[in-house]
Amino acid sequence: MDTKIYKRENRARRYAEGGITGILGACGILSVLILALVFIFLITNSIPFFQSVGLVNFFTGTQWDPFASEAMWGVLPLLTGTILVSFVGAIIAIPIGLGCTIYLSELADSKVKKILKPAIEILAGVPSVIYGLFAALVLSNWIMEIFDPSYRLNALNGAIILAIMMIPIQVSVSEEAMNAVPRNLREASYAMGATRWETIKSVIIPAALPGIIASIALAIGRAVGETMAVLMATGNASQFSFDILTSVRTMTAALAIDVPEAAIGSLQYQGLFAVGLLLFIITFVINLIADMVLSKYQETYK
Amino acid sequence: MMLSRKNKERMFFWLFRGCAAAVVAFLTIIIMFVIVNGAGTITWDFLTQNPMPNDTGALVSGGILSPIIGTLMLMGLVLAIAIPIGVFGAVFLVEYCGSYKWSRYMWMTVNNLAGVPSIVWALLGVGVFVYYLAFGLSLISAAITLSLMILPIVMVSTKEALEAIPSSIYDASIGLGATKWQTILHHILPYSASGIITGIILSLSRAGGETAPLLLTGVALNATIPLSIFDQFQALPYYIYMMTSASDRANAYPMAYGAALVLIILMMIMNLAAATLRSRYREKYKW
Amino acid sequence: MKNISGDQISKIQVKDLNLWFDTKHVLKDVSIEIYEKEITAIIGPSGCGKSTFLRCLNRMNDLIPSTKIEGEILLDGKNILENDIDPVDLRKDVGMVFQKPNPFPKSIYENIVFAPKIHGIEEIKKDPKTGKEKIVRRKPTKEELDQIVEKCLKRAALWNEVKDRLNKSAYDLSGGQQQRLCIARTMSIEPEVILFDEPCSALDPIATAKIEDLLVDLRKDYTVVIVTHNMQQAARVADRTAFFYMGDLVEYGPTKRLFEKPEKELTEQYLTGRMG
Amino acid sequence: MGNKLIAGGFVVLVVLSTVLAMFTSMSFPGVGVLNIQDGDELSYSPLENPEEYPITRPLYIYTDGVPAENSSLYQWLEYIYSDDGQLYVKNAGFYPVGSEVKDKMKAQLNSGTTNDKYGNGEITQSGSTTLGDLSTLWANDFQKKYNIHVVLNTPGSGTGITNLINGFVDAAQSSREIKDVELESAKNNNVNVTEWVVAYDALAIIVHKDNPIKNLTVEDLKNIYTGTYTNWSEVGGYDHPIVLYGRDSASGSYDYFKEAVLDGESYSIKMQQFSSNSLIVAEVENNLGGIGYVGVGYAEESLADEWAEEQNGH
């Protein structure tokens with residue numbers, strides 16, 4: 001058969017190819033569209049609020065009570081609540097997390113590592129409501145016995161449970177960064193007679209630093225966005241204070257408590273969307289920092 | 001006195017071992033507390049009866065059947081909604097327009113949206129699905145909200161699985177005269193399948209464990225097993241939260257721990273399935 | 001088909017081929033004729049555009065966005081760059097073997113039957129009513145597939161080494177065997193031209209020798225175009241050799257003449273290794 | 001050697017945390033319930049004489065107009081006012097509606113339908129946590145008798161009313177009167193809000209079981225919750241700062257207590273707000289200086305033993 005046809009008319013295949021590309025294209029565009037929906041929806045619902053209440057007293061008001069007779073729109077108590085809980089949580093989580101990462105990637109031998117690494121990943125998979133349950137029923141009593149605070153459910157309680165939730169995220173991301181440091185860098189340092197600790201300190205950590213910074217940013221982003229655990233752990237008094245032994249209300253807890261009560265389209269509803277938008281921007285910026293640091297870092301070790 | 005280099009190293013190494021021990025201690029304490037307090041309540045009735053009120057009205061007797069079924073139905077709906085759009089969307093964005101300049105920025109935003117707090121998705125759920133599309137307080141509103149929440153996670157994990165395939169295999173298939181879709185169907189998807197499935201399982205377990213979106217989109221105190229997607233429903237995570245604020249605390253707390261244990265077991269099963277799939281996937285295709 | 005001396009039928013005529021990646025001018029006014037059932041080698045320093053040229057012949061460069069191509073590439077007189085040509089069909093007739101052996105992570109058998117399965121078997125059917133000849137495409141039967149596998153593996157001199165472990169994974173083979181499997185796989189689509197992009201650069205000398213013998217043997221049925229930076233290899237197997245430098249086709253002619261009496265000063269420098 | 005050490009360490013850790021979990025028993029010491037005196041009259045306990053207790057409030061169900069006879073909502077309201085319905089009120093720790101209020105409500109029920117859109121399928125009701133237990137008991141019994149399912153959720157009175165106004169639920173349960181602003185937005189959504197008084201709840205004032213104070217006047221209570229008094233010694237107790245606990249703004253108790261006791265003044269910002277009564281009980285129970293207000297059912301459920309004997313003592 002010598003019919004050489006460079007253009008085999010195979011209409012079936014061309015339509016199949018076109019059709020499938022169409023379907024896949026629809027899914028692709030749909031997924032991106034849906035993700036843009038979040039941002040658009042948050043903005044459209046909070047602009048009217050900013051127009052009527054104004055940015056100034058939203059950001060400078062020190063009392064948040066949208067359902068009082070005359071509504072008070074100060075977001076500061078919520079902002080300080082979130083920052084207090086996440087910041088103290090980070091102070092606890094980062095050192096322990098970093099120590100655990102170094103142990104996991106440099107000191108642990110393979111058998112221990114094979115058990116410990118999945119165990120930590122499981123710790124990340126435990127639903128936050130179970131952390132909240134532990135914080136509300138057990139951790140709060142322990143804190144009460146140790147610090148005897150005037151508030152049983154307080155910011156410290158929230159911070160500790162958030163620290164426990166942040167560690168697995170930080171460890172798994174930074175452990176990968178430390179593993180990605182090429183072997184020859186380690187050997188070069190050993191070759192110069194450096195001890196293992198000096199190698200870790202002066203070669204491996206600096207090389208994996210971007211990955212470590214990214215993991216910390218991701219962990220903080222997750223902590224800022226956490227809702228259930230802080231709702232059950234911090235007592236939710238919306239007062240503007242920096243004392244970690246008082247009860248505070250985080251932005252996420254405020255949304256969980258107040259949103260169902262706001263009539264759709266009312267000023268309260270839009271005010272809560274403003275808080276939601278602020279929360280979205282904060283977590284988006286934190287994740288963006290993590291992404292940029294991570295992607296710049298990946299280029300160097302491609 | 002200056003510690004000698006050897007002692008310094010030993011000191012720091014013990015410090016790191018201490019940190020690792022602390023992390024393991026956190027995990028063990030929390031899990032053991034749930035097991036010790038929860039194991040007692042797990043009986044056959046506990047798993048096969050709906051929550052019933054005791055004589056003063058607190059829903060502390062009976063079992064957690066409707067919350068379990070509610071959570072499984074939620075995960076089933078999320079599987080049907082988020083997975084097709086997420087996986088095929090990612091396939092399109094990676095394979096068909098992967099090489100364009102803007103796709104890198106697009107993936108950065110998708111990656112970013114994976115970090116959006118679940119309560120912000122819940123806000124969207126209330127505004128759009130419960131009210132605007134008038135699904136009302138129902139299973140479908142909660143399921144779509146959860147689907148949106150895990151969509152970025154599914155897309156990112158699918159992208160990573162697809163990109164793990166070396167381009168030489170793509171060239172080989174194209175070189176043999178296969179069309180783009182035939183190459184994807186026969187070579188890209190099969191080899192990345194277990195990576196994608198691992199991502200799906202992990203995001204489903206994330207969706208199943210979420211509570212915040214449920215609070216706003218239609219979870220109900222005494223809902224039985226939902227008969228239609230527009231019914232209100234119960235869910236395991238909400239049941240646990242509800243039990244911490246029930247009036248009869250002496251009976252409510254053990255039920256909360258029991259439900260927490262069941263939820264942890266469910267999550268463990270899914271995580272282990274994902275982990276075994278991922279390790280098998282790594283052996284099978286070592287290139 | 002007369003070789004070397006006398007006039008031969010040219011299989012591929014390339015006229016004033018220019019190619020740009022974004023703004024980088026990679027191929028500049030390349031005009032060359034590749035003759036049927038001959039081995040044409042393409043040599044030149046790395047980055048001179050020899051691989052890019054090779055990939056133009058089966059339009060693999062289409063996969064890279066923002067490439068601009070001008071000029072003509074005639075395959076049996078038909079310009080393959082026209083957009084009514086479906087590159088998929090073209091690649092059925094112009095097979096390609098890559099630098100790094102890239103068998104599919106499947107069994108040896110699966111690797112070879114993949115192409116016949118997706119292309120199916122074409123048969124000429126006499127349409128009873130109109131009596132017109134019509135191409136009918138049908139799924140190949142198991143026996144037909146087994147035949148194809150045996151034929152291709154024998155042709156790629158791999159049959160004896162693998163005939164009893166056909167459903168073993170292709171990854172258990174050695175580098176040389178994997179490359180020959182890729183060649184066998186390429187032959188399963190019954191191409192007319194086979195392009196080789198530095199096929200032996202990842203292989204040890206023994207495996208390379210086997211591949212070179214195979215190339216010479218392939219010349220009987222296929223037109224072979226091979227890109228290599230190994231000048232001895234070109235000298236050993238190629239009938240004609242083309243020397244590329246910075247995107248230009250500097251010199252092209254029968255291998256013996258080009259190596260012994262290069263006309264262009266540049267070629268001579270490159271061959272004697274004195275080039276900077 | 002290393003691995004055995006680690007494995008051994010882990011086993012010790014597991015054993016330790018198990019023992020720890022067993023011994024951190026969940027103790028519920030319980031709380032004290034104060035008698036409240038209105039002005040110069042006698043002081044009453046919410047547990048014994050709820051009728052005379054000064055801080056009692058009606059509990060409401062709001063619907064969109066009067067439901068039609070054949071609708072399930074009609075049967076639901078009819079059931080609530082039946083003897084069985086009011087019997088459960090006692091079980092849940094509240095006290096039933098008086099006879100003249102019951103007749104008034106029944107009259108309203110049969111005063112002719114204003115909203116026949118209510119079908120005879122499932123009923124959805126949302127709102128106050130205080131009413132949570134009571135409506136669960138009702139729903140459970142109603143299901144047995146009428147085989148109609150009543151789906152409840154209890155995010156708080158304010159939310160229940162909002163859900164009614166937004167049309168998400170058939171009925172709202174509330175532990176406070178509907179506000180004017182809510183009535184207004186109901187009108188915009190053309191929801192004709194109809195009020196049904198279904199039971200009475202005494203708002204018990206709870207203190208730590210070792211707090212010597214046994215009764216307070218409404219005036220004292222007002223000064224405590226507005227933050228005027230900050231130390232128990234100001235009302236004759238120990239020299240110990242007062243720690244205020246109360247419900248969050250979503251709950252009806254928050255609004256009712258503010259109107260009935262604080263005469264509309266705002267709460268001290270130090271007051272810690274909780275989304276449910278039982279969380280307040282858990283707080284006051286563990287804080288010597290704590291004071292909180294909860295539905296009487298919750299107080300009864302967690303009454304400290306010492307206070308219980310004293311109660312039946314005199």
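In what follows, chains carry the letters A, B, and so on, assigned in the order in which the sequence lines appear, proteins first and then strands, with residues in each chain numbered from 1.
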I'd like to verify something: which residue of [options] has the highest number of heavy-atom pairs under 4.5 Å with chain B?
| options | result |
| --- | --- |
| V126(A), L123(A), L42(A), L137(A) | L137(A) |
| L255(A), V259(A), V38(A), L133(A) | L133(A) |
| R222(A), E106(A), M251(A), R196(A) | R196(A) |
| T283(A), I130(A), I122(A), V275(A) | I130(A) |

[X] portion near chain A, given a 4.5 angstrom heavy-atom threshold:
| X | result |
| --- | --- |
| T179(B) | both |
| M155(B) | side chain |
| N112(B) | both |
| A122(B) | neither |
| M243(B) | neither |
| L216(B) | side chain |
| V24(B) | side chain |
| Y241(B) | both |
| L215(B) | side chain |

State, to 0.1 Å, how close [X] and [Y] come at their nearest heavy-atom pair, and which atoms those are.
| X | Y | result |
| --- | --- | --- |
| L263(B) | P127(A) | CD2-CG, 3.7 Å |
| V120(B) | L279(A) | CG2-CD2, 4.0 Å |
| C19(B) | C100(A) | CB-N, 3.5 Å |
| D291(A) | M108(B) | OD2-O, 3.5 Å |

With only heavy atoms counted, which part of [X] is less than 4.5 Å from chain B, the side chain, the backbone, both or neither?
| X | value |
| --- | --- |
| L277(A) | neither |
| I200(A) | side chain |
| A136(A) | neither |
| Y131(A) | side chain |
| L231(A) | side chain |
| P95(A) | backbone |

Residue pair L113(B), F280(A): steps toward the side-chain contact (heavy atoms from CB on, under 4.5 Å) verdict
CA-CA 9 Å; L113(B) 284 169; F280(A) 178 86; 3.8 Å; yes
Going from [atom1] on [X] to [atom2] on [Y], what distance comes out if it is rounded to the nearest 0.5 angstrom?
| X | Y | atom1 | atom2 | result |
| --- | --- | --- | --- | --- |
| I120(A) | F26(B) | CD1 | CZ | 11.5 Å |
| L272(B) | E121(A) | CG | CD | 11.0 Å |
| M232(A) | I240(B) | CE | CD1 | 8.0 Å |
| F12(B) | L107(A) | CZ | CG | 12.5 Å |
| L15(B) | W197(A) | CG | CH2 | 8.5 Å |
| Y257(B) | F134(A) | OH | CZ | 7.5 Å |

With a 6.0 Å cut-off on the ring centroids, do F41(A) and W121(B) count as close?
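They do not qualify: ring centres at least 6.0 Å apart.
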Atom CH2 of W142(A): over 12 foreign heavy atoms under 6.0 Å:
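It does: W142(A) CH2 has more than 12 such atoms within range.
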If you count heavy-atom pairs within less than 4.5 Å of chain A, which of [options] leads?
| options | answer |
| --- | --- |
| M267(B), R10(B), Q182(B) | M267(B) |
| A20(B), A22(B), A21(B) | A20(B) |
| G209(B), G89(B), A212(B) | G89(B) |
| I29(B), V128(B), T244(B) | V128(B) |

Are the side chains of [Y] and [X] in contact, using a 4.5 Å heavy-atom criterion?
| X | Y | answer |
| --- | --- | --- |
| F284(A) | T109(B) | yes |
| T227(A) | S118(B) | yes |
| F13(B) | I102(A) | no |

Per-residue contacts, residues 145-153 of chain B versus chain A, heavy atoms under 4.5 Å
L148(B), L151(B), P152(B)
Could you tell me whether a side-chain N or O of E9(B) sits under 3.5 Å from a main-chain N or O of E198(A), the two making a donor and an acceptor?
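Not confirmed, E9(B) side chain does not pair with E198(A) backbone.
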